[in-house]
Protein chains: 2
Amino acid sequence: MSKTKPFPPTLKQLLLKGNEQIHPGVSVDCVIFGFHENVLKILLLEVKQANIWSLPGGFVLKNEEVDDAAYRVLALRTGLDNIFLQQFHAFGNPNRSDVTFHQLKFQEYGIKIPKDNWLTQRFVTVGYYALIDFSAAIIKADSYDSTYAWVDVQKIGTLMMDHNFIVEKALETLRTQLAYLPIGKNLLPKKFTMPEIQKLYETILNKKLDRRNFQRKMLGFGIFNKLNETRKGGAHKAPFLYTFNDKKYQKALKDGLYGSW
Amino acid sequence: MSKTKPFPPTLKQLLLKGNEQIHPGVSVDCVIFGFHENVLKILLLEVKQANIWSLPGGFVLKNEEVDDAAYRVLALRTGLDNIFLQQFHAFGNPNRSDVTFHQLKFQEYGIKIPKDNWLTQRFVTVGYYALIDFSAAIIKADSYDSTYAWVDVQKIGTLMMDHNFIVEKALETLRTQLAYLPIGKNLLPKKFTMPEIQKLYETILNKKLDRRNFQRKMLGFGIFNKLNETRKGGAHKAPFLYTFNDKKYQKALKDGLYGSW
DNA sequence: GCTTTATTGCGTTATAATGACACAATCTAA
DNA sequence: TTAGATTGTGTCATTATAACGCAATAAAGC
């Protein structure tokens, strides 16, 4: 699935010879969700010099499956493999590309992007969203960006290009899929409590849920194992710990949770 | 939304100068659903000489929104405008393109595609599905293809490239969306009966539904107007005719039919 | 060590949605 | 005129959902 050979070697080579290896016109952007301290966050990168935040993204290699490009970006940034990653939308507005961003980037190295360079054209970007275990990820920034941050989805500022729109669409998709997919396995640590997963659902849906009804519905899905341990530490009654029942979880992922019809 | 200026002027120009006007690497393909004689069908085109069937599709112009390209293809083929059209997936397998198809096409005009021509590279295609009123569509084939046909979704043969996969994915999406979107308005004629819309649902879901429960649920959505007419003609009791209540239908399209959570 | 406080486990009850089925009405073809 | 197939309308049992009660308990404060 995920090839992780470093690409490109240098920025200058990217600019001048990128078109030999990179698919012209298609890129990927990843909305990487993590859940930490009861807050749903996404991974953002700060673009050096440009002083603006963006989604982790990248180009698609000429002979690379688009999905694999997304896996590559994800693995590169998080060090994680085998992850819940799903394509959710392609963004094809002709004005979505912003050369300024690239200009600033290359300017730093005294390079000016030629007018007809492959980088100046509009890229259609395919959006993917990933759900990852916050605690397991080891984030890497690279030469193209300086810093990264996990940002509360409720407090995201202005992002580069159309990335705010992309995040919105990702959240919308996540909300919809919550209704028929078992979300949580990849966002939560192996062992988790009902209050924790409830908070996750409440954050995604942006809505308070009744504790008792939530638990009944969740357990009704039959994809959890109840452990004989509790999570002590809070100044209250200790809630039980649960894990996902992998077999049943996989089945639910395939078949969906409802059916309705 | 839909610009319909004819493009390209000739095949030869397309080959030689297409790269000046066409976005390199991104195309659109449309799965156009129609419902006729109680059968769900899609519109297919037969590629001249290549003797194989394909989805209606096209290139994206350099300064064109990808969605608009899909609208353009749809309008070109069906003569219809203002249609339910929805992007459902981007297909980015590096082996999905098939130059043979283009070769055969151009061969007819004594043209050989140069090795490095823009047409030979892998195109990532964005899939759209449309729901149209079968009776209102006037289908046009063009110079690139010879004939068209409405084909029962249950009886689709082998299509060009990965088009079978694209159709599968479109159907899957349609099935999922059936659960929370009011499907039917664009597939059915203005006036329709309960048995008709039920048959539509049964076809999409590939499953028999109880007539009485179906009606109760449908009417429960509150998006229909019951008319004081019946559809006579069948050798049985005449069913009542219904129309969509436009206002409530639009609201349901926006808000969804359920919510669940 | 005992009490307080917030929170959890495990319920109950009323209402709404769903699935399975019954029966009379009615349209056309024979 | 009748037969046959199909529709309109309704019932009933089961299941799902929403709203809420109360005892148990972990940690902090006194």
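In what follows, chains are A, B, ... by sequence order, proteins preceding strands, each numbered from 1. Predicted model, so just to flag it, every value in this text is computed and none were measured.
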| N/O donor-acceptor pair, side chain B:R211 with base C:dA20, under 3.5 angstrom | no
| task | Please determine if a side-chain N or O atom of A:Q215 lies less than 4.0 Å away from the OP1 or OP2 oxygen of C:dG9. | result | yes
| Does B:K226 make a side-chain N or O approach to OP1 or OP2 of D:dT9 shorter than 4.0 Å? | yes
| B:M218 CE to C:dG19 C1': how many Å, rounded? | 16 Å
| note | Rounded to whole Å, CG of B:L209 lies from C1' of D:dT6 at a distance of 17 Å
| task | May I have the distance from A:D210 (atom CG) to C:dT7 (atom C1'), rounded to whole angstrom? | result | 14 Å
| Per the side chain to side chain contact (heavy atoms under 4.5 Å, CB included) rule, which among B:L55, B:V66, B:I166 passes with B:Y128? | B:V66
| query | Residues in ring-ring contact (aromatic ring centres under 6.0 Å, His included) with B:Y249, at least two apart? | reply | B:F244
| query | Would B:K185 and B:D246 pass as an ion pair if we require N to O under 4.0 Å? | reply | yes
| Looking at residues at least two apart in the chain, or sitting in another chain, which of them share a side-chain hydrogen bond (donor to acceptor under 3.5 Å, both in side chains) with A:E202? | A:Q198
| task | Please test B:F91 against B:H89 for ring-ring contact (aromatic ring centres under 6.0 Å, His included), starting from the C-alpha separation and ending with a verdict. | result | CA-CA 6 Å; B:F91 300 86; B:H89 200 78; 5.0 Å; yes
| task | Report the distance from atom NZ of A:K199 to atom P of C:dT8, rounded to the nearest whole Å. | result | 11 Å
Distances under 3.5 Å between nitrogen or oxygen atoms of protein and nucleotides 26-30 of chain D:
unit_1: D:dA26; atom_1: O4'; unit_2: A:H236; atom_2: O; d: 2.7
unit_1: D:dA26; atom_1: N3; unit_2: A:A235; atom_2: O; d: 3.3
unit_1: D:dA27; atom_1: OP1; unit_2: A:G233; atom_2: N; d: 3.1

| query | Roughly how many Å is it from CG in B:L227 to C1' in D:dT7, rounded to a whole number? | reply | 16 Å
| query | Does A:R216 make a side-chain donor-acceptor contact with the base of C:dG11, cut-off 3.5 Å? | reply | no
| query | For B:F214 and D:dG10, what is the distance between atoms CZ and P respectively, to the nearest whole Å? | reply | 19 Å
| request: Just say parallel, tilted or perpendicular for the rings of B:Y242 and B:F224, cut-offs at 30° and 60°. | output: perpendicular
| query | Within the structure, does a side-chain N or O atom of A:K217 lie under 4.0 Å from either OP1 or OP2 of D:dA16? | reply | no
| Does A:R212 make a side-chain donor-acceptor contact with the base of D:dG21, cut-off 3.5 Å? | yes
| Can you tell me how far P of C:dG9 sits from CG of A:L219, to the nearest Å? | 10 Å
| task | Considering only NZ, NE, NH1 and NH2 on the basic side and carboxylate oxygens on the acidic side, decide whether B:K41 and B:D152 come within less than 4.0 Å. | result | no
| remark: Separation of C:dC27 atom C1' from B:F240 atom CZ, nearest Å, is 13 Å
